[in-house]
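Reading through the structure tokens given below for one structure.
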Protein chains: 2
Amino acid sequence: MQRPPTPTDAAAARRRGRPRKRLDAAIMAGQRVVRANLHEQAAERLRDLIVRGDLAPGASLVEVELSAMLGISRTPIREAIKLLAQQGLVELRANRSPCVRPLRAAEIRELFEALAGIERIAAELAAQRITAADLERLRALQAEIVREHEAGRRDSYAAANRTIHRTIVLAARNVPLAEVHAALLSRADQVRVFALGLEDRWEQSIREHQAILDALDARDPLQAGRLLQEHVGQTAAVVTTSLAGRIDPASSAA
Amino acid sequence: MQRPPTPTDAAAARRRGRPRKRLDAAIMAGQRVVRANLHEQAAERLRDLIVRGDLAPGASLVEVELSAMLGISRTPIREAIKLLAQQGLVELRANRSPCVRPLRAAEIRELFEALAGIERIAAELAAQRITAADLERLRALQAEIVREHEAGRRDSYAAANRTIHRTIVLAARNVPLAEVHAALLSRADQVRVFALGLEDRWEQSIREHQAILDALDARDPLQAGRLLQEHVGQTAAVVTTSLAGRIDPASSAA
DNA sequence: TTCGCGCAAATTGCATGCAATCGCCAGAAA
DNA sequence: TTTCTGGCGATTGCATGCAATTTGCGCGAA
């Protein structure tokens, strides 16, 4: 009978498995240093589950359940949950199980508004600092988006779309800005999964991307910023409309 | 002989102290619900120590030391440190003691740049949504700043200054934006403590505040945003100059 | 039938033990 | 004198135990 690994099993395995020189061995084996701490791995795994919608908004996150699911003990789980809470994907409730942040109309509106603003700032900076290599990468991503659009591949389209936004922000060469953007973006991704009808906007969205890339290419900060902010605003409008009927308009878990 | 409380002492005290009905009793005693979890208290306390400069940039944060200092066990300390790391006040190093984020020229420049951008966005939104009560509060804060300036009270001036910026951001009525702002602001505060010569700019700064308030009063988003962004930029310039000679120009802990 | 009370199970929050890991320092070799 | 190496102490990372708190439910009373 197979059974899921318990924390103890995992700990024992980890101990026995490699007498010593673990890191050296891993590096010499050509493995990418996967050696992140357990709580980081847990955070990444949980983020993924939440953003992909496998853990539904409002679902309560019970420590022992997650601990059994991931085969690690409660401690790193707790740390991971705290991390995700800080990023807005999880909501902590005093003396209660934390839960996946529910979708609330007002919060979603504010989220996209903030995201649009931050991307505008990033675009303005990026227009001043973007390199030829950045631009080339953006054009490649844009081409990829077009391909995935034509092939109708929803997931690939979304991934490429995400990457193009991320790349613009990174071109701003501002780490704190990129960090806050990443936090907001993952929450936006979570929301998007539950929105329908986004495909209707694909062609329009691609045109907007093209205009933004042109503005960046022309090193026009104001234009790039304005266009990107509006672009995000458009997406927000579609998402909000799509979700409007299906979530608590006021709040939830009241 | 007095000795600092150990985690065990504290735990025992907490257990013995209140047989039950703890919350009810506290509420009926009219106490504000101070009943935050230990890790939250610890985070707040540590944040304060860092922002006030009592824990110097680069200082290493050893779990047992902090645990003894705050009279709690390592677990909540660890959680608090993770939280502060997420906010950029603490830097985690693999398998080493975390440390207070050192001051690095490039990072500080980026930090204030991001802060300026976010405050611009906030000001634009605030100009559209600000209420009469908000404006009144801002005017009172501005008056307070003038008073503290004339009295030459450095700490009070800084506190009021911080509050006025915070209030403008809150007037934007956007929670995610306010949250990311708060994170960046606390790091900026930490940096400011080590910058000299900020007093030279007080009068100019007060004039800039007044212009920003006027723009908000006039409900002029572009003007308010532009002025606030430039204002933060000016502060950044002074801070950067002041710090330029006294920090690792490139990095540290290489 | 419905409301209230109290008990029990579920679950968090914190403390602590244990082992792996890292940095540091002494000592040896060049 | 400088550099490399081995072992030791310091410190983290994770697992787990224990108590407090909360919630849900059953039972009794109105």
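Below, chain A is the first sequence line, B the second, and so on; all start at residue 1.
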message = What's A:R78 touching, base or sugar-phosphate or nothing? Going by heavy atoms closer than 4.0 Å.
response = base
task = Would you mind checking if B:R173 and B:D134 are paired as a salt bridge, meaning a charged N to carboxylate O distance below 4.0 Å?
result = yes
message = Is it true that, when you exclude B:R52 itself, more than 12 heavy atoms of the residues, nucleotides or ligands shown sit nearer than 6.0 Å to its CZ?
response = no
message = Between B:S242 (side chain only) and B:V238 (backbone N and O only), is there a donor and an acceptor less than 3.5 Å apart?
response = no
task = Name the closest nucleotide to the A:E79 side chain, picking from C:dT12, D:dT12, D:dC14.
result = D:dC14
request  = Considering just the side-chain nitrogens and oxygens of A:N95, establish if one lies under 4.0 Å of OP1 or OP2 belonging to C:dT12.
outcome  = no
query = When you check the phosphate oxygens OP1 and OP2 of C:dC14, does a side-chain N or O of B:H39 lie under 4.0 Å from one of them?
reply = yes
ask   = Just checking A:L61: base, sugar-phosphate only, or nothing, at a heavy-atom cut-off of under 4.0 Å?
value = sugar-phosphate
ask   = Roughly how many Å is it from CG in B:L38 to P in C:dT16, rounded to a whole number?
value = 12 Å
query = Rounded to whole angstroms, how far apart are CD on B:E63 and P on D:dG13?
reply = 6 Å
ask   = So, does the side chain of B:S97 form a donor-acceptor pair with the base of D:dT12 at under 3.5 Å?
value = no
task = Could you state the atom-to-atom distance from CG of A:L70 to P of D:dC14 in whole Å?
result = 13 Å
ask   = Is any side-chain N or O of B:R74 under 3.5 Å from a base N or O of D:dG13, one able to act as donor and the other as acceptor?
value = yes
inquiry  = I need the CG-C1' distance between A:N37 and C:dA20, as an integer number of Å.
reply    = 12 Å
request  = Rounded off to whole Å, could you give me the CD-to-P distance for the A:E65 and C:dT11 pair?
outcome  = 7 Å
task = Round to the nearest Å and state the distance from B:K82 atom NZ to D:dG13 atom C1'.
result = 8 Å
Contact nearer the 5' end of DNA chain D, comparing A:P76 with B:V64 = B:V64
Donor-acceptor pair, side chain of A:E110 and main chain of B:V175, under 3.5 angstrom = yes
ask   = Are A:R104 and A:E91 close enough for a salt bridge, meaning some N to O gap below 4.0 Å?
value = yes
request  = Let me know the distance between CG of A:L66 and C1' of C:dT11, rounded to the nearest Å.
outcome  = 13 Å
query = With nearest nucleotides of DNA chain C determined for A:T75 and A:R96 from heavy-atom distances, which residue corresponds to the more 5′ nucleotide?
reply = A:R96
